Undergrad: 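Here you go, one structure.
Only a predicted model underlies this, so the values are computations on that prediction, with no experimental measurement involved. Lettering follows sequence order; numbering is per chain, from 1.
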There are 2 protein chains.
Amino acid sequence: MRIGEAAAAAGMTAKTLRFYEDSGLLPEANRSSNGYRHYNHESVTRLEFIRRGRAAGLTLAQIREILALRDAGEAPCTHVQELLEVQLAALDQQIAELTALRSSVAALRATATAQPPASCDPARICSYL
Amino acid sequence: MRIGEAAAAAGMTAKTLRFYEDSGLLPEANRSSNGYRHYNHESVTRLEFIRRGRAAGLTLAQIREILALRDAGEAPCTHVQELLEVQLAALDQQIAELTALRSSVAALRATATAQPPASCDPARICSYL
DNA sequence: CTCGACCTTCCCCTATACTGGAAGGTCAAG
DNA sequence: CTTGACCTTCCAGTATAGGGGAAGGTCGAG
């Protein structure tokens with residue numbers, strides 16, 4: 001299949017496929033005599049792998065690393081597990097920080113709501129914020 | 001205090017402070033007669049707020065919006081309160097999305113961990129990801 | 001034979017959040 | 001008086017993940 005079809009099958013654009021090829025996530029595509037890239041089912045599987053990795057929050061660099069291991073004939077499973085552990089820890093950290101920030105903003109709102117309307121003088125900086 | 005000292009106090013670089021000023025996250029700094037910016041404790045508090053927001057995954061645009069509420073001298077307080085509500089909702093949304101992503105990654109890890117090593121066939125893309 | 005939908009390469013642009021470095025001014029210490 | 005550590009502005013580059021659009025080649029349908 002040609003690039004547009006493969007891209008659609010993987011839920012991406014042709015532009016993205018060329019970008020992935022340039023970025024080393026895809027091998028250089030086979031070309032027909034007219035120079036068109038063509039892809040097979042395996043290519044689409046690889047693209048879906050990339051898409052799922054992105055959806056899981058992996059960077060293209062991380063995905064490239066996994067694919068490189070696979071292409072070298074080495075089972076990436078241990079490496080994938082390590083990457084997932086790292087990703088989980090990062091997410092936990094991020095969620096904790098965001099939750100703390102939410103508390104801060106909620107406190108601001110609580111203070112703002114508790115202010116008597118009379119203190120809301122447009123000429124003043126709303127100091128409770 | 002001068003820019004380097006304020007930056008160090010907030011765990012940033014002087015470059016970043018100038019960038020934040022240009023980006024509208026900091027008001028134009030007061031200058032000494034020699035043109036040096038100078039800052040006070042309040043400035044550092046603001047910088048720390050920004051840093052916490054960044055650590056929590058907020059964009060500078062989001063932080064700028066929250067800070068604009070702090071600075072909203074002319075805004076009617078009801079409007080300020082509305083904006084705080086919007087910010088809170090945005091934070092809740094962001095926390096929900098991160099939490100969903102975390103579940104997704106945790107599920108991937110669980111599947112990966114449960115895979116018998118024998119199924120990690122180099123000829124296959126790790127199908128559990 | 002032309003039309004439209006594809007495809008190609010090429011280069012530049014987007015947004016985010018800085019970072020580096022050049023060229024020059026300021027200031028306290030030795 | 002010079003040195004070095006600051007500070008100033010301005011211009012340019014980095015990394016990420018693509019997107020826009022030009023200029024041109026290819027192909028099946030009408």
Undergrad: Atom pairs under 3.5 Å, N or O on each side, protein against nucleotides 24-28 of chain D: can you list them with distances?
TA:
residue, atom, partner, partner atom, Å
D:dG25, N2, A:Y36, OH, 2.5
D:dT26, O4', A:Y36, OH, 3.2
D:dC27, OP1, A:N34, ND2, 3.2

Undergrad: Generate the contact string for nucleotides 11-23 of chain C. Rules: B means base contact, S means sugar-phosphate contact only, - means no protein heavy atom under 4.0 Å.
TA: ------BBSBB--

Undergrad: Quick one: is C:dT8 close enough that its OP1 or OP2 comes under 4.0 Å of any side-chain N or O from A:R37?
TA: yes

Undergrad: With each end axis built from five pairs of C1' atoms, what bend angle do you get for the helix from C:dC1-D:dG30 to C:dG30-D:dC1? Round to 10°.
TA: 20°

Undergrad: Could you tell me which residues satisfy side chain to side chain donor-acceptor pair (under 3.5 Å) with B:E48, sequence neighbours excluded, listed by chain and number?
TA: none

Undergrad: Tell me every residue that passes salt bridge (charged side-chain N to carboxylate O under 4.0 Å, His left out) with B:R46, counting only those two or more places apart in sequence or in another chain.
TA: B:D71

Undergrad: Once side chain to side chain donor-acceptor pair (under 3.5 Å) is applied, do any residues pair with B:T45, and if so which ones, sequence neighbours excluded?
TA: none

Undergrad: Does B:A90 have any side chain to side chain contact (heavy atoms under 4.5 Å, CB included) partners at least two apart in sequence or in another chain, and if so, which?
TA: none

Undergrad: If the condition is side chain to side chain donor-acceptor pair (under 3.5 Å), which residues does A:E5 pass it with, not counting sequence neighbours?
TA: none

Undergrad: Using a heavy-atom cut-off of under 4.0 Å over every strand shown, decide if B:R18 touches base, sugar-phosphate, or nothing.
TA: base

Undergrad: Who pairs with B:A106 by side chain to side chain contact (heavy atoms under 4.5 Å, CB included), at least two apart in sequence or on another chain?
TA: A:L88, B:R102

Undergrad: With a cut-off of 3.5 Å and sequence neighbours excluded, list every side-chain donor-acceptor pair involving residues 14-29 of chain A.
TA:
residue, atom, partner, partner atom, Å
A:T16, OG1, A:T13, OG1, 2.9
A:E21, OE1, A:R37, NE, 2.9
A:S23, OG, A:F19, O, 2.6

Undergrad: Return the set of residues passing side chain to side chain donor-acceptor pair (under 3.5 Å) with A:N30 (not counting sequence neighbours), or none when no residue passes.
TA: none

Undergrad: Can you list the residues that meet the side chain to side chain contact (heavy atoms under 4.5 Å, CB included) rule with B:S32, with sequence neighbours excluded?
TA: B:N34, B:Y36, B:H38

